[in-house]
Amino acid sequence: MSGNKIAFTIDLDDWYHSALVTGANWSKFPSIDDFYNTWNGRYDYITEPSKRLFELLDKYSIKATLFIIADIVERYPELVEFIKTTEHEIACHSLHHTAPFNTK
C-alpha cells in the first residue's frame with residue numbers, strides 16, 4: 001500500500017429510516033415503533049450485510065467512521081457490540097432520523 005489516506009464514512013441506517021416510510025408527518029408509518037408493530041415476522045436486514053462490509057474493509061485495511069442512528073443501537077445491540085470489536089470509529093447519526101421538514 002502506498003500510504004495514502006482517505007476519509008471514509010458510512011451512515012448505518014436501514015430503508016425504513018427514509019421519510020417515505022417513517023419520520024415525517026406524511027410518512028406511511030407515524031413512527032419506527034409503528035413500522036415494527038405492523039411488520040409481520042422477524043426483521044433484520046442490516047447485520048449480515050454490515051458484517052460483510054467490515055470483512056471487505058478489513059481486507060483492504062480501510063478504517064471508517066460509522067454514523068449510527070440511535071434506533072440501530074437500540075434494535076441491534078449485537079451489531080454495535082461487533083463494531084466495537086473492530087478498529088472503526090463509531091459516531092452518532094441522529095436519534096431516529098426524523099425528517100426536518102413536514103408538508104401537512
Side-chain angles (χ1 to χ4, degrees):
M1 187 170 254
S2 66
N4 292 332
K5 304 245 181 212
I6 63 169
F8 189 68
T9 64
I10 299 168
D11 282 354
L12 192 59
D13 50 15
D14 212 339
W15 68 273
Y16 62 84
H17 289 114
S18 77
L20 290 173
V21 182
T22 63
N25 66 355
W26 44 269
S27 301
K28 178 170 176 64
F29 300 98
S31 71
I32 291 171
D33 287 335
D34 291 317
F35 166 78
Y36 269 96
N37 289 337
T38 59
W39 186 264
N40 190 10
R42 182 176 175 271
Y43 185 93
D44 183 356
Y45 296 103
I46 195 166
T47 299
E48 287 307 313
S50 296
K51 287 183 177 181
R52 288 195 303 270
L53 174 62
F54 291 119
E55 290 172 4
L56 185 62
L57 293 173
D58 289 345
K59 178 179 178 181
Y60 292 101
S61 300
I62 298 172
K63 301 300 176 214
T65 299
L66 290 101
F67 289 92
I68 303 175
I69 295 176
D71 176 66
I72 297 294
V73 175
E74 293 168 359
R75 297 187 190 276
Y76 305 98
E78 301 86 12
L79 176 58
V80 177
E81 288 300 319
F82 172 80
I83 296 168
K84 285 170 48 178
T85 68
T86 70
E87 294 182 22
H88 302 284
E89 180 181 30
I90 297 175
C92 181
H93 186 335
S94 65
L95 184 57
H96 292 290
H97 214 273
T98 303
F101 52 86
N102 288 306
T103 58
K104 286 185 182 176

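This one's a predicted model, so the numbers in the text were calculated from it and none came from an experiment.
Taken to the nearest 0.5 Å, the CG atom of Asp71 stands 10.0 Å off from the OG atom of Ser31. Annotation: the span from Thr9 atom OG1 to His88 atom NE2 amounts to 13.0 Å, rounded to 0.5 Å. Interatomic distance, Lys28 NZ to Ser18 OG, rounded to the nearest 0.5 Å: 12.0 Å.
Side-chain atoms of Ile83 and Phe54, non-hydrogen and from C-beta on, do get closer than 4.5 Å to each other. With a 4.5 Å cut-off on side-chain heavy atoms, Asp44 and Leu79 do not count as touching. By the 4.5 Å heavy-atom criterion applied to side chains, Ile32 and His17 are counted as neighbours. A heavy-atom distance below 4.5 Å is found between the side chains of Ile90 and Ile68. You'll find the side chain of Thr86 reaches within 4.5 Å of the side chain of Phe82, heavy atoms only. Looking only at side-chain heavy atoms (C-beta outward), Leu57 and Ile10 come within less than 4.5 Å of each other.
Ring-plane geometry between Phe35 and Tyr16 is classed as parallel, the angle between the planes falling under 30 degrees on a 0 to 90 degree scale with a further cut at 60. Taking the six-membered ring for Trp and thresholds of 30 and 60 degrees, Trp39 and Tyr45 have ring planes more than 60 degrees apart, a perpendicular arrangement.
Between Thr65 and Ala91 the shortest heavy-atom distance is CG2-CB, 4.0 Å.
The 12-atom threshold is exceeded at NZ of Lys63, counting heavy atoms of other residues, nucleotides or ligands nearer than 6.0 Å.
Remark: Glu55 pairs with no residue by the side-chain hydrogen bond (donor to acceptor under 3.5 Å, both in side chains) rule, at least two apart or across chains.
Tested against Arg75, the residues Asp13, Asp33, Asp14 include a single salt bridge (charged side-chain N to carboxylate O under 4.0 Å, His left out) partner, Asp33.
Placement of Ile46 and Phe67 in two distinct hydrophobic clusters is found when ILVMFWY residues are connected by side-chain heavy-atom separations under 4.5 Å, directly or transitively.
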